[in-house]
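Sequence lines set the chain letters: A, B, ... in the order given, protein chains first and strands last, and positions in each chain run from 1.
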Amino acid sequence: MPELPEVEAVVRRFREAAIGASIHSVQIERAGTVAPHLPSEFKSLHGASILRAHRRAKHIFIHLSGDQHLHIHLRMTGNLYVIPDYRLRPHSARVWFRLKDNRSIIYEDSRALGKVHLVTRAQIERIESGLGPEPLEPTFTPMILKAILATSRSPIKPMLLDQTRIAGVGNIYASEALWHSRIHPCTRANQVPVRKISKLHSAIQKVLREAAAGAYAGYQQPGTAIESESFGVSAYGRAGKPCLRCQTPIKRITQAARSTFFCPSCQPC
DNA sequence: TCGATCCTGTAG
DNA sequence: CTACAGGATCGA
């Protein structure tokens, strides 16, 4: 589910619900979600209060009292939210934090690929320093994108997923941005024509911004279908369906073991 | 730079 | 039953 806009929505909701709350206890239903930590290490969170939460790329960092920090990555199917009572938690709750006010913070993850880690401030800095620019921040300019593209000979679409180059673009929005900027996904990054670089830059921002607007309203708690991508999607998941610009059937290919969707007619090589 | 891998769920 | 899933890491 979550790409950058969805993670942003999760963090915003989390902040509204959880800042200022105090943790009563921590339940770890699945050790793998906190590995390589031991569940017992999380006892240090008992009594801690939640001070801040922020997002960097698709990473979530939660700052707690006592100079403690949680690092949460939702991966494919993770979700983080607060519910009124722990007994309402879904079957796929992997870690939950009972709050002193009786509510609970739930980390839910059906595929269990995501992680909930305890980290130090130094570790957070190390993680963040390894990431490329945030695509929705002013620091991400067409010139910066041009410089990033120049350093890679790999096909542009897998390159867009490389978090060390640009942080937060995922599989759906990579295909979408290329469709909007009419760039073939197999084009080598350093071969993208200069004229199309600014198109790509604005397409990345457009696609992420529009998704962000929908995600905050649409990213729901358990049981509700998560369909934030179902509106505004022009190429992703539309194999065989007509391109919205030229009616040519959208094609699906595999790149770096991920699906890519594009229009073979209006995204020429 | 690729393929395999971590997992579970759902669609075909 | 198989294929595939919006992520990221690891080893070859």
For [range], which residue pairs qualify under salt bridge (charged side-chain N to carboxylate O under 4.0 Å, His left out), counting only residues two or more places apart or in two chains?
range	answer
residues 232-251 of chain A	none
residues 87-97 of chain A	Glu29(A)-Arg89(A), Asp85(A)-Arg87(A)
residues 114-133 of chain A	Arg121(A)-Glu125(A)

Task: Main-chain N/O of Pro142(A) paired with Ser198(A) side-chain donor or acceptor, under 3.5 Å - done: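 Flag not set: sc Ser198(A) to bb Pro142(A) has no pair under 3.5 Å.
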Would you mind listing the cluster partners of [X]? Hydrophobic ones only (ILVMFWY), side-chain contacts under 4.5 Å, chaining allowed.
X	value
Phe262(A)	Ile253(A)
Leu161(A)	none
Leu51(A)	none
Val194(A)	none

Open item on the list: The criterion is side-chain hydrogen bond (donor to acceptor under 3.5 Å, both in side chains); which residues satisfy it with Gln27(A), sequence neighbours excluded?
Closed with: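 By the side-chain hydrogen bond (donor to acceptor under 3.5 Å, both in side chains) rule, Gln27(A) matches no residue at all.
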TODO: Only counting residues at least two apart or in another chain, list the ones meeting side-chain hydrogen bond (donor to acceptor under 3.5 Å, both in side chains) with Ser265(A).
DONE: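 Expected list: none.
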Open item on the list: Heavy atoms within less than 4.0 Å of DNA chain C: which residues of residues 153-170 of chain A have one? Give them sorted by number.
Closed with: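 The stretch gives Gln163(A), Gly170(A) as the residues lying under 4.0 Å from the strand, ordered by number.
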- [ ] Walking along DNA chain B from 5' to 3', note the first and the last nucleotide with an atom under 4.0 Å from a heavy atom of chain A, and give both.
- [x]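 Nucleotide range with atoms under 4.0 Å of chain A: dT1(B) to dG9(B).
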Open item on the list: Just to be sure I follow the notation: if a pair is Watson-Crick (purine N1 to pyrimidine N3 plus N6-O4 or O6-N4) or a G-U wobble (N1-O2 and O6-N3), each under 3.5 Å, what dot-bracket string does DNA chain B give, with | for pairs to another strand?
Closed with: ||||||.|||||
